[in-house]
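This report concerns only the one structure given below.
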Amino acid sequence: MGVKLLCLFLTSILVAYYIYSPMPEDFDEPWKVMLIAATFRTVGHLAEAAEQLGLMHYMETLMLISAFEYVEPTSNENVTVTDTEFNNVSVRLYLPKKESDGLRRAVVFFHGGGWCLGDAGMKGYDHMMKLITNLLNAVVVSANYRLAPKHRFPAQFEDVYSVTKFFLQSKVLSQYGVDPARVAVAGDSAGGNLAAAVAQQLLEDPEVENKLKVQALLYPVLQCLDLNLPSYQENINKPLLTKSLMIRFCAEYFTSDPSLREAMASGRHVPLESSHLFQLVNWSALLPEEMKKGHVYSSPVAGSSELARKYPGFLDRRAAPLLASDAQLRGLPRTYILTCRHDVLRDDGVMYARRLQAAAVPVTHHHAKDAFHGALMFVETPAYLTVADRLCNGFLEWLDENL
Ligand SMILES: *[C@@H]1O[C@H](CO)[C@@H](O)[C@H](O)[C@H]1NC(C)=O
Ligand SMILES: *[C@@H]1O[C@H](CO)[C@@H](O)[C@H](O)[C@H]1NC(C)=O
Ligand SMILES: *[C@@H]1O[C@H](CO)[C@@H](O)[C@H](O)[C@H]1NC(C)=O
């Protein structure tokens with residue numbers, strides 16, 4: 001009996017020690033976030049172990065999270081949900097059942113997951129898309145683009161671009177009763193990256209007759225050039241996206257070759273001949289004073305040209321929308337950007353907001369001081385967080401007012 005109790009006691013201490021990680025004071029529900037973070041960390045450890053043992057690619061193990069969260073397309077009293085294809089790319093389509101006086105608004109959405117993970121059918125996304133459909137009486141298209149490591153850049157971009165372009169055709173919009181002047185693109189994390197890249201590319205595409213009204217970028221990734229921004233330094237191990245996982249995602253978008261990942265981690269992946277691009281992601285010039293505090297800007301070091309020759313994608317603005325010139329940003333649609341304080345990607349969003357404003361694009365920048373990367377996914381029980389509800393409502397209100 002004594003031994004059993006002692007074992008139980010020791011196990012509890014080990015479990016508590018494993019689960020416990022200090023959380024920022026301003027989180028609303030620190031214990032819940034800690035449990036969620038511990039779950040993600042555990043899957044991360046399993047993924048590393050499985051990869052070391054040669055059983056599975058790291059991302060394949062992480063993909064189990066999305067599989068676990070997957071829900072079939074299920075209609076309810078307000079929304080008809082179906083899985084279909086647009087231009088040979090899978091999409092989950094949400095059509096409102098409510099009558100509409102006139103033409104409807106529409107949102108084309110891209111899920112997050114570091115270009116490697118995620119699915120439009122994940123509970124959190126499915127729930128959010130139903131909310132948008134119902135609240136805005138809008139048509140929502142949630143794209144299931146191809147993922148790495150099986151498919152590399154630009155497959156992800158090409159899929160979402162092709163879905164958007166297909167949908168923006170007048171005959172398709174009219175088939176769904178959508179107003180051609182009221183279409184949005186939106187996405188979170190890597191999906192925000194894709195949304196920003198799509199919005200840029202559409203400006204230059206002479207075949208597209210209908211333009212976007214707005215873009216909404218929810219804690220987007222916007223560049224992989226400088227992975228040591230103040231936000232990367234301050235949030236190196238914050239939930240749910242650590243610096244090392246983000247670097248892994250950035251590299252996997254282009255290759256599983258560990259030399260790119262290692263060069264990115266040490267900031268030696270950008271060759272000398274591309275060093276002019278650094279001014280476009282120069283945090284010293286683009287961040288407000290309060291975010292620069294305690295950090296000293298030093299000019300980036302140049303790496304060898306070999307990686308950039310083999311994997312030129314990481315210098316391509318379809319993968320890094322912050323690399324667009326000021327002239328290329330001009331004319332982009334009205335923009336919503338959500339950034340979270342406790343997020344390695346905070347500065348990407350802040351710098352893009354700043355650059356868009358300088359290019360005379362109307363921007364609403366919502367900076368959530370008490371939130372972390374991925375928070376929006378937790379809009380449904382049992383993994384419900386009040387912060388998710390708040391961020392989601394802010395996003396939906398903005399969409400309702402501006403789309
Ligand atoms: C359907 O819409 C009504 C009115 O907006 C709402 O009260 C109800 O909760 C919705 N039902 C579902 C299943 O979302
Ligand atoms: C559609 O996608 C499938 C694979 O998913 C491919 O085999 C086929 O060639 C594609 N068709 C077109 C018209 O692009
Ligand atoms: C970054 O901006 C600072 C000014 O804030 C400037 O001194 C520095 O030369 C810039 N560096 C690059 C690489 O653009």
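Order of appearance sets the numbers: ligands from 1, and atoms from 1 within every ligand.
Considering both main-chain and side-chain atoms, Asn78 comes within under 3.5 Å of ligand 1 through a nitrogen or oxygen pair.
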Exercise for the section: Determine, stepwise, if the pair Asp179 / Arg105 fulfils salt bridge (charged side-chain N to carboxylate O under 4.0 Å, His left out). Expected result: CA-CA 6 Å; Asp179 183 342; Arg105 298 178 277 180; over 6 Å; no
Handout entry: Steps toward side-chain hydrogen bond (donor to acceptor under 3.5 Å, both in side chains) verdict (Glu234, Ser231)
Key = CA-CA 5 Å; Glu234 288 170 20; Ser231 57; over 6 Å; no
Practice task
Check step by step if side-chain hydrogen bond (donor to acceptor under 3.5 Å, both in side chains) holds for Ser142 and His111.
Solution key: CA-CA 7 Å; Ser142 185; His111 68 76; over 6 Å; no
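Here Lys130 has no heavy atoms under 4.0 Å from ligand 1, in either its backbone or its side chain.
For the 3.5 Å distance criterion, the side chains of Thr339 and His366 fail to qualify, holding no donor opposite an acceptor.
The side-chain contact (heavy atoms from CB on, under 4.5 Å) search around Asp226 returns Gln223, Asn228, Leu229, Val281, Trp283, not counting sequence neighbours. Residues passing the side-chain contact (heavy atoms from CB on, under 4.5 Å) test with Glu397, sequence neighbours excluded: none. With sequence neighbours excluded, no residue forms a ring pair (Phe, Tyr, Trp, His ring centres under 6.0 Å) with Phe40.
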Short N or O contacts of ligand 3 with protein, under 3.5 Å, listed by atom name?
| residue | atom | partner | partner atom | Å |
| --- | --- | --- | --- | --- |
| ligand 3 | 2 (O) | Asn282 | OD1 | 3.3 |
| ligand 3 | 2 (O) | Asn282 | ND2 | 2.3 |
| ligand 3 | 5 (O) | Ser284 | OG | 2.8 |
| ligand 3 | 11 (N) | Asn282 | ND2 | 2.9 |
| ligand 3 | 14 (O) | Asn282 | ND2 | 3.0 |

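For ligand 1, the atoms lying closer than 4.0 Å to a non-hydrogen atom of Asn134 are 1 (C), 2 (O), 5 (O), 10 (C).
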